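Any value given below was found using the heavy atoms of this structure, including those in side chains, with hydrogens, waters and symmetry copies removed. Indexing begins at 1, ligand by ligand and atom by atom, following the structure's order. Every value quoted in this text rests on a predicted model; they were computed, and no experiment measured them.
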Amino acid sequence: MSEGALLVSSTHVPLPDPPAMMVRLCDHLKEHAEVAHEGETARVTSFYGSATVAADDAGLSFQVESSSVSHLFVMKSVISEHLHSFSDGETLAFTWTGDGETGSTIPYFREMMVLGSQPLTPRMQRVILKGDAAFYDAESFHIRVLVPPRGRRPVWPWAAPDGRTMWPKGEDELLARVYTVRSVDLARGEIALDVVVHDGAPGSDWATSAEPGSVVGILGPGGGGMPPAADHMVLAGDETALPAIARMLEMLPEGQRASVRLEVADAAEAEAHRLTVPAGVDLEWLSRDGAPAGSTDLLETAIRGLDWDALPKHTQVWCACEQATARKIRRFLDKERGFARTERVSVAYWRIGATTTLAD
Ligand SMILES: Cc1cc2nc3c(=O)[nH]c(=O)nc-3n(C[C@H](O)[C@H](O)[C@H](O)COP(=O)(O)OP(=O)(O)OC[C@H]3O[C@@H](n4cnc5c(N)ncnc54)[C@H](O)[C@@H]3O)c2cc1C
């Protein structure tokens with residue numbers, strides 16, 4: 001997403017109980033952003049920009065600031081989605097004014113064409129998409145792939161005047177799944193996605209059967225990306241995190257020391273991935289020996305087993321995997337190793353037994 005001069009947009013949202021909504025909204029946003037209270041106003045700062053929130057007798061006023069049109073849209077959309085979900089059935093009517101007014105277009109939406117799909121390893125499928133590849137040559141790695149129903153002309157999501165993303169329903173409903181942009185080929189205008197094959201699931205089935213010439217919609221890139229610089233990095237995850245970690249390994253500064261722990265189905269899978277491992281990186285594959293994904297404690301044990309006392313004080317940890325494991329690792333880092341929120345990421349990329357929904 002392009003950097004530029006600061007963009008500003010504002011709105012006033014009429015509400016029956018503005019102070020109560022302000023408390024509810026700010027309490028929730030604290031989980032995702034820094035929230036500082038200054039008298040009657042609150043200032044919310046996140047990766048995407050900042051927002052000033054002020055209550056008056058009739059409602060809440062918002063002024064959001066961001067350095068790109070896409071990030072400005074994310075700020076407006078997050079505020080709007082939360083206000084609507086906290087409104088307890090009350091109808092809210094408001095529109096944003098200022099920068100970033102693009103009608104009903106979502107600035108980080110692109111249509112891409114499937115160029116091909118083939119197995120990368122026995123359990124990973126590589127899908128190549130063609131289109132505005134330069135848009136994905138960004139510090140954020142993650143995208144939401146939108147697959148239209150077979151045989152129907154796609155109806156893509158659009159932006160409501162209040163900033164929410166509106167989704168087609170019924171026969172036009174889209175399959176939406178989050179993946180990592182594994183690589184970007186600017187010369188060819190292509191991006192590659194590496195998708196874990198686990199039969200009978202819609203995203204996995206799309207990847208293995210994606211037909212050349214078919215179109216998908218892409219929302220993003222957003223979130224994620226290379227962890228901040230540190231004396232040492234710990235990069236860990238299961239195969240869903242492999243595309244992100246492989247990309248991070250390619251981006252590591254020369255001489256960067258890192259411990260990498262990757263859980264895969266079996267030894268053959270580890271062999272087939274042929275990762276390039278830079279000097280200074282200690283990579284260990286953790287084989288489930290055929291046990292189902294998400295059913296072992298391999299990753300947690302491997303992370304606990306690192307020689308933490310010997311690692312530099314300034315160590316940054318990045319981990320992504322099944323939800324329960326991600327939680328256990330986060331708890332270990334925070335409670336047993338005293339990591340601050342800014343020093344570690346341990347996130348859920350999928351959940352055992354749960355089909356992805358648009359709310360994910
Ligand atoms: C930021 C982010 C980046 C991601 N990047 C990638 C990526 O680059 N490549 C990738 O493959 N995935 C990636 N994922 C994970 C992917 O979005 C999920 O695995 C998603 O559930 C796949 O959708 P599906 O339709 O295949 O399965 P769903 O319909 O979501 O789930 C159906 C069933 O499959 C199970 N399931 C889901 N994922 C897996 C899995 N990996 N292994 C075994 N069982 C599973 C579920 O528990 C459920 O029982 C990423 C997720 C996030 C949040």
Requested in this report: Give the residue, atom name and distance (to 0.1 Å) of the protein heavy atom nearest atom 26 (O) of ligand 1.
Outcome: His198 NE2, 2.9 Å
Requested in this report: Mind checking the CH2-OG1 spacing from Trp308 to Thr315? Nearest 0.5 Å is all I need.
Outcome: 7.0 Å
Report summary line: Near Gly203 (heavy-atom distance under 4.0 Å), the atoms of ligand 1 are 24 (P), 25 (O), 26 (O)
**Report entry** For ligand 1, the portion of Ala354 having any non-hydrogen atom under 4.0 Å away
**Finding:** backbone
Report summary line: ligand 1 to Arg351, heavy atom cutoff 4.0 Å, flagged ligand atoms 46 (C), 47 (O)
Query raised in the report: Is it true that the NZ or CZ of Arg110 lies under 6.0 Å from the centre of Phe135's six-membered ring and within 45 degrees of the ring axis?
Result: yes
Query - Ionic contact status for Glu250 with Arg182, cut-off 4.0 Å - result: yes
Report task. I would like to know whether Val127 and Trp206 meet side chain to side chain contact (heavy atoms under 4.5 Å, CB included); could you show each step before the answer? Result -> CA-CA 10 Å; Val127 182; Trp206 163 74; 3.9 Å; yes
Query raised in the report: In the protein, which heavy atom is nearest to atom 29 (O) of ligand 1, and how far is it?
Result: Arg177 NH2, 2.9 Å
Query raised in the report: Which one holds for Tyr349 and ligand 1: side chain close, backbone close, both close, or neither close, with close meaning a heavy atom under 4.0 Å?
Result: both
Query - Note: Glu65-Arg43 ion pair, threshold 4.0 Å (strictly below) - result: yes
Query - Structural part of Ile352 in contact with ligand 1, heavy atom criterion under 4.0 angstrom - result: backbone
Report task. Provide the number and element of each atom of ligand 1 under 4.0 Å from a heavy atom of Val195. Result -> 11 (O)
Query raised in the report: What residue and atom, counting heavy atoms only, is the protein's closest point to atom 19 (O) of ligand 1, and at what distance?
Result: Trp350 CB, 3.5 Å
Report task. Measure Met124 to ligand 1 on non-hydrogen atoms and call it side chain, backbone, both or neither using the 4.0 Å cut-off. Result -> neither
Query raised in the report: Do Lys30 and Asp27 meet the salt-bridge criterion of a basic N to acidic O distance under 4.0 Å?
Result: yes
Query raised in the report: Would you say Ala348 has any N or O atom under 3.5 Å from an N or O of ligand 1, going by distance alone?
Result: no
Query raised in the report: Salt-bridged, Arg123 to Asp199, with N to O below 4.0 Å?
Result: no
Query raised in the report: ligand 1 and Val196, any nitrogen or oxygen pair closer than 3.5 angstrom?
Result: yes
Query - Which of the ligand 1 atoms, numbered from 1, are nearer than 4.0 Å to a heavy atom of His142 - result: 1 (C), 3 (C)
Report summary line: To the nearest 0.5 Å, atom NE2 of His314 lies from atom NE2 of His232 at 12.5 Å
Query raised in the report: Counting only heavy atoms, which portion of Asp194 has something under 4.0 Å from ligand 1: side chain, backbone, both, or neither?
Result: backbone
